[in-house]
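Atoms within each ligand, like the ligands themselves, are counted from 1 in listed order. Every value quoted in this text rests on a predicted model; they were computed, and no experiment measured them.
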Amino acid sequence: MNTQLKKRNLIQFCLIEPIFRQNTLRQLRNKPTHHYNDRTRNTKEHNQQDYLFLYKNKGQHLLTNQRILDTIVRKSSINPTDTVLEIGPGTGNLTLKLLNVASKVVSVEIDKRMVEVLNKRVKEHGFEEKLSVIREDALKAEFPKFDLVVANIPYGISSPLVAKLVYGVNPFRSATLLLQKEFARRLLAKPGDSEFNRLAVNVKMVADVEFVMNVSKRDFLPVPKVDSSVVIIRPKDQIPDVNLDEWWAFTKTCFGKKNKTLGATFKQKKKVIELFRLSKMASSNGEEMNRNQYVCADNDGRQMRRVMEKSVIHLLAQIESCFCSRRRSSRF
Ligand SMILES: C[S@@+](CC[C@H](N)C(=O)[O-])C[C@H]1O[C@@H](n2cnc3c(N)ncnc32)[C@H](O)[C@@H]1O
């Protein structure tokens, strides 16, 4: 049975609703359980005892500390007229708090079982009119209009989700996100920090990131392996006028090799050629461009600036200190 559990990427299963009975994982029901004596649920709900498997590969760790949930909502500065987008509502611990203060909540949840529990709990609290649920992968879903994001997201989709939010089509005021602590640190890293990385550069170009608080792993059910942090991302009013394809290609090239300084990276002519290819600037007569334009990369990293002059040159200043940074991460 142990192997079976591992294969299914199952962490633990928690007391929730009878939905479990229809579930194909019925044979696992007798495994030792982590009882969901959830500090957030009332007696009535407790009486409807049953189990719901929580999956590691879906990041299903429920935040159960009321104090942390309240702080997240308070720090998000939600107005009574706001529509809040929540990614991964799970069983609705945070959703119920959001529904208390917002005009509307749009929750995007991939797991049908969670949606059923969520709808039931929300109905019991009389908030059903204020909630709309999109049962879809948040990375694929088309988000409706919203004012702000407040979410305890599945950590596995942190990078693409942050990118989708800050580079997406929906304008929003702020995104209060509960993230894996390590990920939050990378997001908050500054030029010159050993952790400075592509993610931080790309996000900082379009948004400001504020640290709010750390959250212990013990505040989740089941307890994950990692601690968490809450950050608030606020899109900048004005972002630099830059071709984003070129910018992403540039940062990809800058942070492509972990243990290489930018100076060393751009001493390589092939890196500059790669940069042009990535940014779709290279034309079919790449050979000619090589000689005429890329040649400036032959000498040292500083000459790279001339190559990118038309597009991102003015932004280089922001990451100047990276030139002496030794360890960098290329993940976005
Ligand atoms: C960390 S739990 C948070 C649950 C709840 N917000 C809480 O704080 O107790 C993440 C939730 O996101 C859902 N989820 C996982 N991957 C998702 C995806 N790609 N799109 C939408 N929801 C997802 C999981 O099913 C789970 O309910």
Side-chain angles (χ1 to χ4, degrees), residues 8-17 19-20 23 25 34 36-41 45 52-73 76 84-100 102 105-122 131-144 146 149-165 168 175-181 183-184 213 215-230:
R8 288 174 187 273
N9 229 339
L10 180 69
I11 12 178
Q12 276 160 340
F13 49 105
C14 292
L15 167 68
I16 302 213
E17 312 278 319
I19 303 162
F20 170 75
N23 190 306
L25 300 170
H34 179 100
Y36 185 49
N37 62 346
D38 182 354
R39 288 151 258 176
T40 69
R41 310 200 71 195
E45 286 168 316
L52 184 71
F53 287 120
L54 297 178
Y55 292 96
K56 194 177 179 178
N57 63 353
K58 289 200 179 85
Q60 292 177 339
H61 296 276
L62 310 179
L63 180 59
T64 54
N65 184 321
Q66 291 297 299
R67 192 179 52 81
I68 304 284
L69 287 162
D70 286 335
T71 310
I72 290 174
V73 174
S76 301
V84 178
L85 176 73
E86 186 195 18
I87 312 296
T91 55
N93 295 346
L94 181 60
T95 323
L96 288 172
K97 305 253 177 209
L98 296 172
L99 287 163
N100 242 324
V105 174
V106 178
S107 296
V108 187
E109 171 61 59
I110 203 167
D111 189 334
K112 182 171 169 248
R113 304 163 315 142
M114 292 289 182
V115 173
E116 288 175 30
V117 177
L118 173 72
N119 280 334
K120 191 160 187 269
R121 283 183 83 189
V122 167
L131 176 74
S132 23
V133 180
I134 301 174
R135 197 178 77 70
E136 212 182 326
D137 181 341
L139 297 179
K140 294 184 185 149
E142 203 174 301
F143 300 148
F146 59 92
V149 185
V150 185
N152 169 18
I153 66 170
Y155 295 164
I157 63 166
S158 301
S159 271
L161 184 65
V162 167
K164 179 171 178 172
L165 291 173
T176 309
L177 302 178
L178 186 54
L179 303 166
Q180 182 175 337
K181 194 172 181 180
F183 184 86
M213 64 179 168
V215 180
S216 162
K217 59 181 103 168
R218 289 186 299 277
D219 292 319
F220 295 86
L221 267 176
V223 177
K225 286 196 179 126
V226 292
D227 286 319
S228 303
S229 301
V230 178

Across all chains, not counting sequence neighbours, the side chain to side chain donor-acceptor pair (under 3.5 Å) partners of Ser229 are Asn214
Starting at CD of Glu109, measure out to CD1 of Ile134 and round the result to the nearest 0.5 Å. 12.0 Å
Are there any N/O pairs under 3.5 Å between ligand 1 and the protein, and if so, what are their distances?
| from | atom 1 | to | atom 2 | distance (Å) |
| --- | --- | --- | --- | --- |
| ligand 1 | 6 (N) | Gly88 | O | 2.8 |
| ligand 1 | 6 (N) | Pro89 | O | 3.4 |
| ligand 1 | 8 (O) | Asn152 | ND2 | 2.7 |
| ligand 1 | 9 (O) | Leu63 | N | 2.9 |
| ligand 1 | 19 (N) | Asp137 | OD1 | 2.9 |
| ligand 1 | 20 (N) | Ala138 | N | 2.8 |
| ligand 1 | 22 (N) | Ile110 | N | 3.3 |
| ligand 1 | 25 (O) | Gln60 | NE2 | 2.9 |
| ligand 1 | 25 (O) | Glu109 | OE2 | 2.5 |
| ligand 1 | 27 (O) | Gly90 | N | 3.4 |
| ligand 1 | 27 (O) | Glu109 | OE1 | 2.7 |
| ligand 1 | 27 (O) | Glu109 | OE2 | 3.4 |

Taken to the nearest 0.5 Å, the spacing of Asp137 CG from Asp111 CG works out to 12.0 Å
Tell me whether Lys217 contacts the main-chain N or O of Val226 through its side chain, where contact means a donor paired with an acceptor under 3.5 Å. no
Taken to the nearest 0.5 Å, the spacing of Thr91 OG1 from Asn93 CG works out to 4.0 Å
As a quick check of understanding, evaluate salt bridge (charged side-chain N to carboxylate O under 4.0 Å, His left out) for Glu116 and Lys112, giving each step before the final call. CA-CA 6 Å; Glu116 288 175 30; Lys112 182 171 169 248; 3.8 Å; yes
